[in-house]
Amino acid sequence: CKVVILPYTIATYLMWHGDWTYRHSIKSEPYSDDEKIYLISRQLGTSSEALKANIPAEELEEMIERECWVRANLDRFQEEQMMRKHPGAYKRYKRWVKKTQ
């Protein structure tokens, strides 16, 4: 059964990837909110559905505003979140980073 579905799956992926490349690389269209969430979820190594389910809407909106699909922005955002939620652990982490350099 999977062998029968494989050509369809490959064709669907190629059409999606071609559309994505055309719209964002060639035409330079801005990303929609769903596409931004998809890119953020790829940076975090999770699915879009899991990201939407596990992160509050306000935090997700903040991630979109701060362009967290760019790795440097995501790292900065995560560091600030850790600083807010666990200030003691963050200080220990920064001391450890300074010590190892």
Side-chain angles (χ1 to χ4, degrees):
C1 183
K2 289 184 180 184
V3 175
V4 175
I5 297 174
L6 183 63
Y8 172 76
T9 305
I10 291 172
T12 304
Y13 172 76
L14 290 174
M15 289 179 63
W16 175 83
H17 188 58
D19 180 57
W20 181 279
T21 302
Y22 176 72
R23 286 188 298 123
H24 300 297
S25 297
I26 297 171
K27 287 178 60 178
S28 299
E29 286 184 10
Y31 298 122
S32 69
D33 282 348
D34 285 335
E35 291 168 338
K36 291 174 185 176
I37 291 171
Y38 168 75
L39 291 171
I40 292 169
S41 68
R42 291 287 307 250
Q43 287 290 339
L44 292 171
T46 186
S47 69
S48 300
E49 292 79 22
L51 186 70
K52 290 177 184 177
N54 295 327
I55 295 183
E58 302 83 31
E59 189 172 330
L60 198 54
E61 285 299 319
E62 184 179 356
M63 291 174 85
I64 290 171
E65 288 173 15
R66 296 181 62 179
E67 299 182 354
C68 287
W69 57 91
V70 177
R71 189 69 196 177
N73 295 346
L74 179 63
D75 291 342
R76 193 174 315 117
F77 177 79
Q78 287 178 324
E79 191 170 307
E80 289 173 9
Q81 288 293 98
M82 185 177 173
M83 195 171 16
R84 273 189 242 149
K85 292 180 181 177
H86 310 287
Y90 177 74
K91 288 179 184 178
R92 280 193 306 272
Y93 167 74
K94 291 305 278 184
R95 283 192 297 264
W96 177 79
V97 168
K98 187 176 180 180
K99 182 179 173 183
T100 58
Q101 289 180 347

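Please read all numbers here as calculations on a predicted model, not as lab measurements.
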Q. Side chain to side chain contact (heavy atoms under 4.5 Å, CB included) between Lys94 and Lys91: does it pass, once the steps are laid out?
A. CA-CA 5 Å; Lys94 291 305 278 184; Lys91 288 179 184 178; 5.8 Å; no
Q | side chain to side chain contact (heavy atoms under 4.5 Å, CB included) between Glu58 and Glu62, intermediate numbers included | A | CA-CA 6 Å; Glu58 302 83 31; Glu62 184 179 356; over 6 Å; no
Q.
The test is side chain to side chain contact (heavy atoms under 4.5 Å, CB included); show your working for Gln43 and Met63 and say whether it passes.
A. CA-CA 12 Å; Gln43 287 290 339; Met63 291 174 85; over 6 Å; no
Q: Just do the side chain to side chain contact (heavy atoms under 4.5 Å, CB included) check on Phe77 and Glu79 with the steps written out, would you?
A: CA-CA 5 Å; Phe77 177 79; Glu79 191 170 307; over 6 Å; no
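Shown here for Trp20 and Leu39, the closest heavy-atom pair between the two residues is CZ2-CD2, 3.8 Å. Of all non-hydrogen atoms in Ser48 and Tyr38, the two that sit nearest each other are OG-CA, 3.5 Å.
Between Leu14 and His17 there is no side-chain heavy-atom pair separated by less than 4.5 Å. Taking 4.5 Å as the limit, some side-chain heavy atom of Glu35 sits within range of a side-chain heavy atom of Arg23. The side-chain heavy atoms of Lys98 and Arg95, taken from C-beta on, include no pair separated by under 4.5 Å. Between Asn73 and Arg66 there is no side-chain heavy-atom pair separated by less than 4.5 Å.
Side-chain heavy atoms closer than 4.5 Å link hydrophobic residues (I, L, V, M, F, W, Y) into clusters, and following such links, possibly through other members, connects Val70 to Leu51. The hydrophobic clustering, which links ILVMFWY residues whose side-chain heavy atoms are closer than 4.5 Å, places Tyr13 and Val4 apart.
In this structure, Trp16 places its CH2 atom where more than 12 heavy-atom neighbours from other residues, nucleotides or ligands lie under 6.0 Å away.
With salt bridges taken as basic N to acidic carboxylate O contacts below 4.0 Å, none links Glu59 and Arg84.
Within the model, atoms CD1 of Ile37 and CD1 of Ile64 stand 4.0 Å from one another, a figure rounded to the nearest 0.5 Å. Interatomic distance, Ile55 CD1 to Ser41 OG, rounded to the nearest 0.5 Å: 9.5 Å. Atom CZ of Arg71 is separated from atom CG of Asp75 by 4.5 Å, given to the nearest 0.5 angstrom. We find the CD-CD distance between Glu80 and Gln78 to be 11.0 Å, quoted to the nearest 0.5 Å.
For the pair Thr100 (side chain) and Val97 (backbone), a donor-acceptor distance under 3.5 Å is present.
Taking the six-membered ring where the residue is Trp, Tyr31 and His24 present tilted rings, their angle falling between 30° and 60°.
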